[in-house]
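Side chains are part of it too, since the values below use all heavy atoms of this structure and drop only hydrogens, waters and symmetry mates. Chain A is the first sequence line, chain B the second, and so forth, proteins listed ahead of strands; every chain is numbered from 1.
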Amino acid sequence: EAQVTQNPRYLITVTGKKLTVTCSQNMNHEYMSWYRQDPGLGLRQIYYSMNVEVTDKGDVPEGYKVSRKEKRNFPLILESPSPNQTSLYFCASSSIVGTGTDTQYFGPGTRLTVL
Amino acid sequence: GQSLEQPSEVTAVEGAIVQINCTYQTSGFYGLSWYQQHDGGAPTFLSYNALDGLEETGRFSSFLSRSDSYGYLLLQELQMKDSASYFCAVRDRGSNYQLIWGAGTKLIIKP
């Protein structure tokens, strides 16, 4: 089954404690991205990656890191989480542009609370 | 700069037709997509327009006019399950093909 998986689905942590949210896709997609969603603000892109070892900042990259060492995985790292990073996070993947469509496949989301 | 504008909220009656508009400003338009998101769920893909005109998928249709930098999503025969948020998104060639998102339109359907 084609899917994007994220772990954990829910996480409560404390300020300053490093954490990683994993994202994996099984569709051999080149393009992967991370979003955060806050009430009334829609989806805001944090980082995206066009392929292995290629990452770019989105609209709200401060306080986040990513890596793309393998095509299927795109972890999101919060080195020193702060309460303003409390949010709902989504990972998404898609094939490269030029394939006639632009379908983003989203993971189920990770609800993060930083105390 | 890049921007997308869509209404924050639209209300319609069950069985009716509703149109959600999206106007965009980008440096290199590549395509316009629409997504649906129910409360607590992940966004799911609805449709994609790269060329001018209408794309139809069942009760949902999407329209694009590149000369007007405008598109819309048309939902027909509205059902209560269509109550959700709808997002337009534009792929921007001028920003390394970054996907730019609108803030979303909350569709409220009344019986």
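- Of the atoms belonging to A:Q45, it is side-chain heavy atoms, and not backbone ones, that fall under 4.5 Å from chain B.
- Just one residue in the list A:T5, A:N73, A:N7 forms a side chain to side chain donor-acceptor pair (under 3.5 Å) with A:S24, and that residue is A:N73.
- Partner of B:L32 under the side chain to side chain contact (heavy atoms under 4.5 Å, CB included) criterion, chosen from B:C22, B:S65, B:S69: B:C22.
- Using a 4.5 Å cut-off between heavy atoms, B:L46 does not touch chain A at all.
- At least one test fails for A:R44 against the ring of B:F87: distance under 6.0 Å to the centre or angle within 45° of the axis.
- Of the residues considered (B:I100, B:T44, B:L99), B:L99 shows the highest number of contacts with chain A, using heavy-atom pairs under 4.5 Å.
- Interface remark: A:Y105 contributes no atoms to any contact with chain B (heavy atom separation under 4.5 Å).
- Most heavy-atom pairs under 4.5 Å with chain A: of the set B:P43, B:G102, B:S47, B:A50, this distinction falls to B:P43.
- Of the N and O atoms on the side chains of B:E5 and B:Q25, not one donor lies less than 3.5 Å from an acceptor on the other residue.
- With A:T15 contributing its side chain and A:S82 its backbone, the two residues share no donor-acceptor pair below 3.5 Å.
- Contacts between A:S94 and chain B at a heavy-atom distance below 4.5 Å involve the side chain alone, from C-beta outward.
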